[in-house]
Amino acid sequence: MIERDDEMDLLRETLSRAAEGKGGVAVISGPVATGKTELLNAFAEHATDSGAMVLGAACSQAEASMPFGAIAQAFQHAPIAPEHLQGMSNLINQEDCLNVLGDSSTPTTDVLDQVYPSVMNYLWRALLDLSEQRPVVIVVDDVDQADRFSLQGLSFIARRLRSARVVVVLAAQTGTRRTDPFLQSEVLRQPLWQQIRLGPLSEDGVAGVLESRFGADTARRVAPEWFSITRGNPLLVRALLEDDAPGGHPVPGESFAEAMSACLHRCDPDLADLAVVVAVLGEQATTELVADLVGTPHEAVAPKIRALNAVGVLADGRFTHAVGCAAMLDPLDPAKRTDLHLRAAEKLFYAGTGPTAVAELLLAAGEQLPEWSTTLLQEAGDRALLDDEVEKAVKYLELAYRTATSRRDQVVVLNLLISAHWRTDPLGCTRYVDRMLEATRDGFVDGNVSLVVKLLLGLGRYADTEMLLERVATQGREVPLKMRVERRFLRLMLAYHTPGLLSRVRPELLGGDRDADELAVEVTMSPRMQAIRVLEVALAGGNPDEAVEHAEHVLQGCRLGDGTADMLFTMLAVLVDLDRGAAALPWCESMMAEAEARKAWAWLAILLSVRADLALQAADFTAAAEYAQRALTTLPPENWGLLVGKPLATLLQANTALGRLGDAAALLKQPVPELTFQTTFGLQYWLAKGQYYLSTNRLHAALVTFQACGELSTEWDVDVVAWRGGTAEVLMRTGKADQARTLLREQLSRVHRGNARVRGVSLRLLARTVDLVERPRLLKEAIEQLQNCGALLDQAHALADLSIVLQRLGDSDRSRIAVRRAWLLAKKCNANLPGERRPAPPEDELRHPVAADPAGDSSTTLSDAEQRVAALAARGAKNQDIAAKLSITVSTVEQHLTRVYRKLKVSRRTDLPGALDLLAVDSALSAVGSY
């Protein structure tokens with residue numbers, strides 16, 4: 001036994017004194033299931049082993065009306081001398097006496113009252129006779145449930161033990177069961193009797209119980225968890241041990257629930273009723289609310305709650321685990337359970353309790369709910385979404401929809417449900433489309449119409465889309481301003497992302513140019529209006545700096561949420577398309593972290609796809625592949641719908657660039673929804689597919705793919721993807737340089753001025769279609785454009801082309817510098833240089849920078865001394881080593897390096913090799929115009 005040594009020692013000592021003729025009484029008391037019976041049985045076993053005669057009885061409520069039931073049970077097997085039995089027979093007839101002692105029937109109370117004193121005298125004499133041979137121990141468990149005559153008899157015996165070799169040990173439940181007044185005054189409160197009060201185990205005691213199962217170290221570590229659930233109740237601790245406990249951590253299950261029920265079954269019925277109400281109220285359980293629901297005065301409830309706290313069933317007036325609540329509620333009649341939850345919900349509602357607590361009670365109550373429940377469940381769902389508890393929000397909102405009696409309420413609730421699913425499973429939103437169309441039949445449309453329209457278009461339900469937009473256009477005499485703004489944004493977003501689907505909707509349903517002009521006058525530059533302006537500029541090929549400025553204002557002014565997610569993701573996409581990765585990257589990464597923390601998996605997947613595009617632009621193909629794959633893992637391809645083209649295109653392009661052609665081929669077998677090719681994501685997928693075919697020399701397949709991409713781009717009047725460059729490369733490989741040149745010049749005329757990447761790639765390809773002497777100028781311009789936007793691998797291709805041109809023009813030195821830089825950039829991108837390229841220079845040339853040509857701008861040209869110091873520093877030499885090698889002071893080295901950093905615009909020694917290479921390339925390019 002754990003934490004019961006002192007109590008056991010006290011009982012042993014009482015027995016020792018009795019053996020010397022100094023009898024005594026000990027009373028073990030305490031709440032239910034605190035180990036009283038275990039202690040009593042352990043002492044009885046010890047007494048038997050010590051040679052004492054043990055007479056035992058266990059009382060129960062079922063036998064509480066049986067006179068002398070406990071006394072008869074204790075003495076029925078005692079070897080009572082015949083003369084004592086004969087004496088009792090002389091007082092009452094033989095049959096009655098045997099009935100009393102044999103526990104076979106119940107004599108009348110009048111008869112027992114008459115014979116009680118004399119019968120107890122004979123029993124006392126019999127007890128003294130028995131104790132002459134050896135000590136006698138009488139143990140009675142659950143004495144608080146004994147009949148009145150047995151209690152009086154035990155009291156009779158106990159008062160005469162001072163000089164007898166007899167010990168009486170009684171165990172009684174206190175605090176959680178009503179106590180007989182006689183027991184309370186004559187037994188439990190006798191000052192000369194040993195009072196042993198048991199309580200729950202301490203946290204160390206719980207660890208002691210766990211030690212035999214888990215070992216000392218684990219037991220000490222997990223004991224706080226076990227204690228918090230069981231509050232040290234021995235019965236609950238042992239029951240919890242019977243349930244699963246992986247790694248020592250408790251997982252309450254069936255055994256724990258049964259033990260919880262057993263604890264309350266042994267208590268007074270009113271305590272069990274009170275526990276049921278506490279289970280219903282959960283965290284909202286207070287003395288006042290419990291009393292109101294039970295129908296008991298408040299002052300009568302407080303002691304009962306304290307009693308349940310003491311036994312470990314409750315902690316601070318509440319159940320310690322949901323399994324405990326379920327153990328109370330599951331056995332209830334369903335009608336009674338529903339009634340309790342409804343009554344509790346109503347009391348909390350009118351008391352002004354927060355909507356979440358009331359909503360939980362309404363969920364448990366079922367479907368037949370009061371009128372006010374719809375609004376409350378809607379508020380609870382909205383709050384759950386704000387707290388990122390999506391599953392809980394969906395439960396509340398589904399119930400709210402079922403209880404809603406008006407179409408207006410249904411529309412509001414459905415908008416929230418669609419927003420909830422959009423965070424984690426966009427495909428799951430489709431189940432609400434038909435409900436929304438039915439709910440908006442009366443013309444009331446509210447909330448995020450964009451999501452519903454996108455869902456309908458994504459399902460190919462064009463007629464339903466038009467019907468919904470007609471309802472937007474015809475509600476009331478005039479479309480509300482907020483809805484007009486939303487409609488304008490929707491039109492532009494569809495034009496940007498899904499132009500093929502936009503063409504299926506009548507333009508007037510999404511507002512015309514007049515509507516746009518009026519909005520520009522009426523509406524201040526809210527985030528939504530700024531997002532509209534971004535899309536207008538991007539679609540019109542206007543000033544990219546203006547679009548970037550507005551996009552950054554939107555990103556700065558809006559928190560990621562249900563009403564802003566689409567807008568923010570679109571702003572990131574525009575920044576990527578405008579080749580402004582540096583502006584997009586910090587916003588993308590911060591939103592990724594937020595989406596992951598909020599478990600908004602669909603948002604995270606979309607952001608991972610954007611992050612993959614940013615890595616692709618930075619020529620970090622390994623990272624691009626990893627981010628794209630994470631996007632498709634976070635949200636499985638089948639759940640993306642028509643958006644799946646975006647991450648698939650990025651992953652396909654990255655694998656192709658990395659030379660993972662097997663992986664790229666496998667991606668082409670991935671099913672892509674047909675409607676994806678009505679979006680710009682489909683165009684990007686086709687472009688990536690064409691590049692794969694180009695890399696595997698499948699020129700006809702590449703040409704067909706690029707041309708299909710071009711036809712749709714032309715039809716939609718968008719140039720989101722540079723399909724002409726891919727087509728031109730195929731044409732050049734098939735000897736059709738004139739057609740390629742025409743196509744590339746057309747692309748250069750159409751590309752907006754901010755897209756340096758497309759301009760640089762187009763110039764590089766165009767250089768391959770003109771005479772040899774004209775190529776250096778075009779390649780120089782291409783390299784400058786690609787340097788400005790950080791397109792490393794495209795720079796490498798342009799430098800490699802330049803190296804070939806310079807070699808053919810007889811300039812071997814500059815050709816060597818160009819190819820060396822090309823291979824360094826390609827190596828940095830973990831890629832090779834495809835096609836007709838010079839072989840890589842020796843490895844030692846790749847490891848060490850080449851000094852720059854002294855010709856060039858004096859503001860960036862290094863002096864001879866600066867070049868010598870920079871070259872050594874770039875190779876990893878320390879300042880002291882450089883000073884020793886060049887016979888100068890360390891201070892002089894530091895001064896030279898400071899000037900080098902300033903001229904080359906670097907801040908770290910590790911940036912020197914690349915900076916010196918660029919300086920050398922710039923020097924080489926400065927002479928290109930002379931050809």
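Reckoned from all heavy atoms, side chains included, excluding hydrogens, waters and symmetry mates.
- For the side-chain hydrogen bond (donor to acceptor under 3.5 Å, both in side chains) condition, the pairs that include at least one residue of residues 547-559, sequence neighbours left out, are Gln530-His553.
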With salt bridge (Lys or Arg N to Asp or Glu O under 4.0 Å) as the test, would you mind laying out the steps for Glu391 and Lys599 before giving the verdict? CA-CA 11 Å; Glu391 290 184 9; Lys599 298 181 181 179; over 6 Å; no
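- For Lys454, the salt bridge (charged side-chain N to carboxylate O under 4.0 Å, His left out) test picks out Asp566, with sequence neighbours left out.
- Side-chain atoms of Asp387 never come within 3.5 Å of backbone atoms of Glu389 as a donor-acceptor pair (strictly under, hydrogens ignored).
- With contacts defined as side-chain heavy-atom distances shorter than 4.5 Å, the pair Leu456/Leu437 qualifies.
- With sequence neighbours excluded, the residues satisfying side-chain hydrogen bond (donor to acceptor under 3.5 Å, both in side chains) with Glu367 are Arg402.
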Check: residues 654-674 side-chain donor-acceptor pairs under 3.5 Å, at least two apart:
from	atom 1	to	atom 2	distance (Å)
Asn655	ND2	Leu651	O	3.4
Thr656	OG1	Leu652	O	2.8

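- Residues Leu614 and Cys588 are in side-chain contact: their nearest non-hydrogen atoms beyond the backbone lie under 4.5 Å apart.
- With rounding to the nearest 0.5 Å, the separation of CG in Leu825 from NZ in Lys827 is 12.5 Å.
- Side-chain atoms of Arg318 come within 3.5 Å of backbone atoms of Glu283 as a donor-acceptor pair (strictly under, hydrogens ignored).
- Remark: the backbone N or O of Ala595 is not paired with any side-chain donor or acceptor of Arg423 at under 3.5 angstrom.
- Within the 4.5 Å cutoff, no side-chain heavy atoms of Tyr685 are placed close to those of Thr679.
- Side chains of Leu683 and Trp723 form no contact here, defined as non-hydrogen atoms less than 4.5 Å apart.
- Side chain of Thr356 to main chain of Ala380: no donor-acceptor pair is present (N/O by atom type, distance under 3.5 Å, no hydrogens or angles).
- Judged by distance alone, with hydrogens and angles left aside, the side-chain atoms of Gln617 form a donor-acceptor pair with the main-chain N or O of Val576 at under 3.5 Å.
- We find the CG-CD distance between Leu414 and Glu398 to be 8.5 Å, quoted to the nearest 0.5 Å.
- Checked by atom type and distance alone, the side chain of Arg580 never pairs as donor or acceptor with a backbone atom of Val548 at under 3.5 Å.
- Taking the six-membered ring where the residue is Trp, Trp603 and Phe569 present perpendicular rings, their angle passing 60° and hence far from 30°.
- Listed by chain and number, the residues in a salt bridge (charged side-chain N to carboxylate O under 4.0 Å, His left out) with Glu626 amount to none (sequence neighbours excluded).
- Side chains of Asp434 and Arg461 form a contact here, defined as non-hydrogen atoms less than 4.5 Å apart.
- Between Ser609 and Trp640, the closest heavy-atom pair is CB-CH2, 4.2 Å.
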Would Glu546 and Arg533 count as a side chain to side chain contact (heavy atoms under 4.5 Å, CB included) if you check the C-alpha gap in whole Å, the side-chain angles of each, and the deciding distance to 0.1 Å? CA-CA 9 Å; Glu546 180 187 356; Arg533 184 57 187 156; 2.8 Å; yes
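- The side-chain heavy atoms of Val644 and Leu632, taken from C-beta on, include a pair separated by under 4.5 Å.
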Between Leu397 and Tyr432, does a side chain to side chain contact (heavy atoms under 4.5 Å, CB included) hold up when you go through it step by step? CA-CA 12 Å; Leu397 294 169; Tyr432 302 110; over 6 Å; no
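- Taking each heavy atom of Cys829 and Phe621 in turn, the nearest pair found is O-CD1, 3.5 Å.
- The neighbour count for Glu638 CD, taken as heavy atoms of other residues, nucleotides or ligands under 6.0 Å away, is above 12.
- The distance from the CD atom of Glu589 to the CG atom of Leu607 is 11.0 Å, given to the nearest 0.5 Å.
- Scanning all heavy atoms of the two residues, the minimum distance from Leu560 to Met591 falls at CD2-O, 4.1 Å.
- Nearest heavy-atom pair across Ala359 and Leu376 is N-CD2, 3.7 Å.
- The CG atom of Asp577 lies 10.5 Å from the OG1 atom of Thr570; values are rounded to the nearest 0.5 Å.
- The shortest heavy-atom contact between Pro499 and Thr680 is CD-CG2, 3.9 Å.
- In terms of modelled atom types and a separation under 3.5 Å, the side chain of Thr353 and the main chain of Leu348 share a donor-acceptor contact.
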Test side chain to side chain contact (heavy atoms under 4.5 Å, CB included) on Val452 and Thr440 and set out the steps. CA-CA 12 Å; Val452 185; Thr440 57; over 6 Å; no
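- With sequence neighbours excluded, the residues satisfying salt bridge (charged side-chain N to carboxylate O under 4.0 Å, His left out) with Asp613 are Lys646.
- Here CG of Asn639 is found 4.5 Å from CG of Asp425. Values are rounded to the nearest 0.5 Å.
- Looking at every heavy atom in both residues, Phe489 comes nearest to Ala531 through CE1-CB, 4.0 Å.
- Between Arg435 and Glu438, no side-chain nitrogen of the basic residue sits less than 4.0 Å from a carboxylate oxygen of the acidic one, so the salt-bridge criterion is not met.
- Looking at Thr465 and Leu501, their side chains never come closer than 4.5 Å, going by heavy atoms from C-beta outward.
- Note: Leu539 CG to Tyr496 OH = 7.5 Å, rounded to the nearest 0.5 Å.
- Taking 4.5 Å as the limit, every side-chain heavy atom of Gln284 sits out of range of all side-chain heavy atoms of Glu360.
- Checking side-chain atoms of Thr374 against main-chain N and O of Thr403 turns up a donor-acceptor pair under 3.5 Å.
- Between the Asn415 side chain and the Val411 main chain, a donor and an acceptor come within less than 3.5 Å of each other.
- The backbone N or O of Ala631 sits nowhere less than 3.5 Å from a side-chain atom of Thr634 that would complete a donor-acceptor pair.
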